[in-house]
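I have placed the structure first, in the form of structure tokens, so that the comments after it can refer back to it.
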Amino acid sequence: MTPTKIADLKAVPSTTDEFIKGLWRENPVFVQVLGMCPTLAVSNSAINALAMGLATAFVLVMSNILISSLRNFIPKQVRMASYILIIATFVTIVEYGIQAISVELHKNLGAFISLIVVNCIILSRAEAFASKNTIWKSAIDGLGMGLGFVLALSCLGAVREILGNASIFGITVLPESFQEWIIMILPAGGFFTLAFWLFLFNYFKLKKAKA
Amino acid sequence: MSANKTISTQPNPTEGSKKMLIAMVGIGVICALLIVLSYEGTKERIEILKAEALEKAVFKVVPGISKTRIFELTAEGTFVPSDGKDRSKTLVYAGYDDSDVFKGIAIEASGQGYADILRILYGYDPETQTVVGFYVLESKETPGLGDKIEKDETFLANFKALTLALAEDLSKIQNPVVPVKSGMKKNPWEVEGITGATISSRAIGNIIGESSVKMIPLIYSQKETFKSAPNPESK
């Protein structure tokens, strides 16, 4: 690492830094490899991936804001219980919201919406960031991490839907002569695609570090 | 930790407990308020969307229909045409083909699954006295295991000709629908379960069993009401 980079890390990160961190440098899926359950399970189509990503991002931002604003009020001993309670509340709100948008989408996402409660990205941001930082910074951190998750899920969902169903967001994009790779829609396709993206992400990261 | 140390780091243990209690109760109240607000805010729209989804599902469980008409079950056990707005009533959905011929009826039923309440819709044809279709309206069953009830083809094949034949006096079903283990189906009124989704598939068998025992004799005895229903609304 160059000396300037070390100095960068020591300096107080700016708002943009907090935001970009989640999107790229500390991307929850590609770098931290957190939240693998929804990443692999709900990325079989672009629309499901996007909806799941946005739902998680909303919960992440809202729970970060509330936890950060209550950080001096929550005693250390009951912080985990409090965080889970707050996260579960926003997940419930998201569930009502998705149902109000589309019953079909709610059915596709199924039990995975409720499982956002146990998504480790959210709890890890609550414990590692929101409980120690101001409301504004926590909101930005949540937004960055949330959008990083949306980005990662969309990358997976797009590849899987294009190859597995010859379409993206339900619109056919490949010619009819294209033989769909059914495996991409199946769970195994999730692992393949994730491996591919992790490889790509790390390859470019290493290349950039070397340069 | 010695007693002295405890006292020095935590001057008043009751104070600490009180703080924890206040924090948990406080957060609980805030969370409850948020949930109630969002529930009340979305309730109406969710109900409308659910009703729409249900009406669409009717076309999936009664094959070959192009129109539907809603009937409600009165306290006297008779079916009367309804606008379907009062969701507290027991509703059934009669299906008609292009030439207004009555083809079958869709019945909504629900019961306890593995994770939560399962809401299903099944189609019944009074002419053949069989279940002709099945659709899961709402399920929170474990992804990859319990949700096989919606996808497993062998399981769904159960509902292509599941017998609901009535006894001779037409007052009850001769052989109520019962769930059986995978590979054990011997009779046309048995629902063959799924290995790996035992509880969920068993629940479906039981839900149809319980609902049909109550509904089918009533529907069969009044099948003429459905047949003669005037001007079914076009969809």
Side-chain angles (χ1 to χ4, degrees), chain A residues 37-38 40-42 44 48 52 58-59 62-63 65-67 69-115 117 126 131 185-188 190, chain B residues 9-10 13 15-57 113-116 118-119 135-151 200:
Chain A
C37 171
L40 291 166
V42 209
N44 52 359
N48 284 357
M52 185 67 193
F58 171 81
V59 175
M62 297 311 286
S63 63
I65 290 175
L66 193 57
I67 287 167
S69 53
L70 294 174
R71 68 186 186 279
N72 297 324
F73 171 69
I74 302 171
K76 225 177 120 202
Q77 298 92 326
V78 292
R79 67 186 194 288
M80 283 297 158
S82 312
Y83 298 165
I84 289 292
L85 192 60
I86 290 170
I87 295 167
T89 303
F90 287 112
V91 171
T92 312
I93 293 173
V94 158
E95 189 156 9
Y96 287 135
I98 291 180
Q99 263 187 332
I101 293 167
S102 158
V103 173
E104 189 64 26
L105 184 63
H106 182 257
K107 207 173 166 233
N108 283 345
L109 297 177
F112 287 104
I113 304 172
S114 320
L115 286 176
V117 179
S131 59
I185 301 284
L186 300 175
Chain B
T9 52
Q10 228 171 23
E15 196 64 29
S17 308
K18 220 188 216 171
K19 245 181 141 183
M20 281 190 253
L21 196 69
I22 293 170
M24 286 306 287
V25 172
I27 291 170
V29 170
I30 296 173
C31 292
L33 261 173
L34 286 172
I35 292 177
V36 169
L37 278 178
S38 61
Y39 173 75
E40 288 295 334
T42 51
K43 197 171 132 196
E44 220 165 283
R45 173 142 173 90
I46 291 176
E47 268 175 18
I48 295 171
L49 285 180
K50 272 191 179 168
E52 273 174 18
L54 198 146
E55 275 166 40
K56 264 192 212 157
Y114 176 70
D116 201 352
L118 279 166
R119 262 180 73 227
Y135 185 74
V136 178
L137 291 168
E138 212 176 305
S139 139
K140 284 200 177 136
E141 303 301 271
T142 322
L145 294 170
D147 68 351
K148 283 185 192 162
I149 52 169
E150 296 175 55
K151 296 163 189 158
S200 310

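Please read all numbers here as calculations on a predicted model, not as lab measurements.
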### Message
Test side chain to side chain contact (heavy atoms under 4.5 Å, CB included) on B:Cys31 and A:Ile86; report intermediate values, then the result.
### Response
CA-CA 6 Å; B:Cys31 292; A:Ile86 290 170; 4.3 Å; yes
#### Entry: Least distance between heavy atoms, B:Met24 atom then A:Ser82 atom
SD-OG, 3.4 Å
### Task
Specify the closest pair of heavy atoms between A:Tyr96 and B:Ser38, including all atoms of both residues, with the distance to one decimal.
CD1-OG, 3.7 Å
How long is the gap from [atom1] on [X] to [atom2] on [Y], to the nearest 0.5 Å?
X: A:Gln99; Y: B:Thr42; atom1: CD; atom2: OG1; answer: 7.5 Å
X: B:Ile27; Y: A:Leu70; atom1: CD1; atom2: CG; answer: 5.5 Å
X: A:Ile93; Y: B:Leu37; atom1: CD1; atom2: CG; answer: 8.0 Å
X: B:Lys140; Y: A:His106; atom1: NZ; atom2: NE2; answer: 5.5 Å

### Query
If you count the non-hydrogen atoms of other residues, nucleotides and ligands that lie under 6.0 Å from CD in B:Glu44, is the total more than 12?
no
### Message
I'd like to know which of A:Ser114, A:Gly97, A:Ala100, A:Pro187 tops the heavy-atom pair count under 4.5 Å against chain B.
### Response
A:Ala100
### Query
Can we say A:Lys107 and B:Glu150 salt-bridge, meaning some charged N sits less than 4.0 Å from an Asp/Glu carboxylate O?
yes
#### Entry: Ionic contact status for B:Lys56 with A:Glu104, cut-off 4.0 Å
no
### Query
Of all of B:Leu137, B:Ile35, B:Ile30, B:Asp116, which one pairs up most often with chain A through heavy atoms under 4.5 Å apart?
B:Ile35
#### Entry: Interface moiety of A:Ile113 toward chain B, non-hydrogen atoms closer than 4.5 Å
neither
### Message
Using side-chain heavy atoms (C-beta onward) and a distance below 4.5 Å, is A:Thr92 in contact with B:Tyr39?
### Response
no
